Protein chains: 2
Amino acid sequence: MSIRIIIADDHTIVRHGLTKLLQQEKDVEVVAQAQNGHATLELARELSPDVIVMDVGMPDLNGIDATQQILHENPNIKVLALSMHAGKKFVVAMLKAGASGYLLKDCALEELTTALQTIIYGRIYLSPAITDIVVDSYVRQPGEAEQSAFSVLSQREREVLQLMAEGNTTKQIALRLHISPKTVEGHRLRLMSKLNIDNIAQLTKYAIQEGLTSAEL
Amino acid sequence: MSIRIIIADDHTIVRHGLTKLLQQEKDVEVVAQAQNGHATLELARELSPDVIVMDVGMPDLNGIDATQQILHENPNIKVLALSMHAGKKFVVAMLKAGASGYLLKDCALEELTTALQTIIYGRIYLSPAITDIVVDSYVRQPGEAEQSAFSVLSQREREVLQLMAEGNTTKQIALRLHISPKTVEGHRLRLMSKLNIDNIAQLTKYAIQEGLTSAEL
DNA sequence: GGGCAAATTAGGGAAATTCCCTATTCTGCC
DNA sequence: GGCAGAATAGGGAATTTCCCTAATTTGCCC
């Protein structure tokens, strides 16, 4: 029986490219594609795939929070993180979220298939460049914790922050998340006081620095 | 008689470094330093220097608009632009503003002194990497104009945009520019409709892309 | 030089949003 | 069991935005 895979990436070309590449492998079947975290979440529920190849930086709901939720609902799914950046924050957060592997986007096809083979057998696969980061993080004394959006803020707060930094109004966010605008307001106020930021401009810059959104319009 | 110079750069280390370097040259005197565009403007009025070494990306009032105003008031001053980026937009805008030279920040001291010698004699000095860009821009058909903040927006609009992207409120901007908050509002509304952007988050990203502000907090 | 378009300035007033306080429910954890 | 933190949301005062209008200035084209 072949490995059933969902591809999650916001760039259409990347999705299609990956799909094309994986279709040439035997024992592999791409059952769905998603262009944001929420869609991935729902597809994972419906299809229960073996593996999700997950882009870390996606609009709407990022790969890290999506991974966390998906694995909470179905721990049998393996998540293979795929990212452009080797940023420590992303790696640590993704692995904490329960990802089974972390690949850099400039890797060769062979590495992708190797990674798939590895994680399907329940082991962890990391890009060579990533291993150093993980070891470094492991060696560091506990106490000097990661000071990033992924430790200071709650998941909902990050979600609201990201949507704000993508240019959504309080109302739009409320609609998107199916909650009251008042609730979104609450999240906003709390996360801004946590970050000690009191304006949208700096909040946007923070989100860019933390990789929750890109500087593209 | 020695060349009287003003150094304008927002980073203290850079300013001090440049000053130190230039002090070792004979026939050169650093008469003042400024850390933003407005300060440079005033110092230029007071001191009428021979040359201003001007950082392109400064908070408050950027180097491009500062250059434009300074040269408008005193065309005898030579402005030597200094920048980290070789971005086409900056180069074109800076030269349009009337700069006599454009240096990249990673150049050697020799290049700086060469540039000073060159522009003091009324000629133009460009970093080698910059020359290509200028030629390219020259070769391009007129008609396909630069679509950047420096052509679409008025100077006041850019100024307001930058201050917004730096996290200032309408009131704070009004105080800074000594105009009514109502006027700032007017500028904001107009520039946002020009850019077809209706929220601060995207506006901040636009300002980052255009180099009017950085992604740092 | 007359005039036109664009820039800069700014007020009035309705509408929307933010800010702060309070409160309930749920979940994980010791 | 209970406690801390997260997620939810309402009320109401205060602030800000949004849209309209308008005066003055400025540069520029014929």
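Order of the sequence lines fixes the chain letters, A, B, ..., with proteins taken first and strands second; residue numbering starts at 1 for each chain. Source: prediction; values computed, not measured.
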Could you give the [atom1]-to-[atom2] distance, from [X] to [N], as a whole number of Å?
X      : N      : atom1 : atom2 : value
A/E185 : D/dT8  : CD    : C1'   : 13 Å
B/I173 : D/dT17 : CD1   : C1'   : 14 Å
B/L153 : C/dA7  : CG    : P     : 9 Å
A/R156 : C/dC26 : CZ    : C1'   : 14 Å
B/D65  : C/dA7  : CG    : P     : 14 Å
B/R188 : C/dT17 : CZ    : P     : 13 Å
A/I179 : C/dT24 : CD1   : C1'   : 16 Å
B/L191 : C/dA6  : CG    : P     : 17 Å

Of the candidate nucleotides [options], which contains the atom at the shortest distance from the side chain of [X]?
X      : options               : answer
A/E157 : C/dA10, D/dT16, D/dA7 : D/dA7
B/L189 : C/dT8, D/dC18, C/dA10 : D/dC18
A/K171 : C/dT9, C/dT17, C/dC20 : C/dT17
B/Q155 : D/dT17, C/dT8, C/dT9  : C/dT8
A/K182 : D/dG12, C/dT8, D/dC19 : D/dG12
B/S180 : C/dT8, C/dG11, D/dA7  : C/dG11

Check: A/H38/A/Q69 side-chain N/O donor and acceptor closer than 3.5 Å
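Their side chains do not contain a donor-acceptor pair, so the 3.5 Å distance test is not met.
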
Donor + acceptor pair across side chains of A/K205, B/T213 (<3.5 Å)
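Judged by distance alone, the side chains do pair up.
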
For [X], which contact category applies under a 4.0 Å heavy-atom criterion: base, sugar-phosphate, or nothing?
X      : answer
A/T183 : base
B/R190 : base
B/T170 : sugar-phosphate

Please round to the nearest 0.5 Å and tell me the distance separating atom CD1 of B/I208 and atom OG1 of B/T204.
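If we round to the nearest 0.5 Å, B/I208:CD1 and B/T204:OG1 are 6.5 Å apart.
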
Quick check on A/K194: does its NZ atom have over 12 non-hydrogen neighbours (other residues, nucleotides or ligands) under 6.0 Å away?
yes

Are any side-chain N or O atoms of B/R4 and backbone N or O atoms of B/V31, one a donor and one an acceptor, separated by less than 3.5 Å?
no

Residue met sooner reading DNA chain C from 5', once B/L177 and A/H72 are mapped to nucleotides
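Nearest-nucleotide comparison on DNA chain C picks B/L177.
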
Looking at C/dA7, I'd like to know if its phosphate oxygens (OP1 or OP2) sit under 4.0 Å from a side-chain N or O belonging to B/H187.
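No, outside the criterion.
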
Does a side-chain N or O of B/S154 approach OP1 or OP2 of C/dA6 to a distance below 4.0 Å, or not?
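It does not, given that no N or O in the side chain of B/S154 lies less than 4.0 Å from OP1 or OP2 of C/dA6.
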
Has the side chain of A/K194 got a donor or acceptor atom sitting under 3.5 Å from an opposite partner on the base of D/dG5?
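Flag unset: no donor-acceptor pair detected.
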
Candidate pair A/D50 and A/I5, rule side chain to side chain contact (heavy atoms under 4.5 Å, CB included), full reasoning:
CA-CA 6 Å; A/D50 301 303; A/I5 297 183; over 6 Å; no

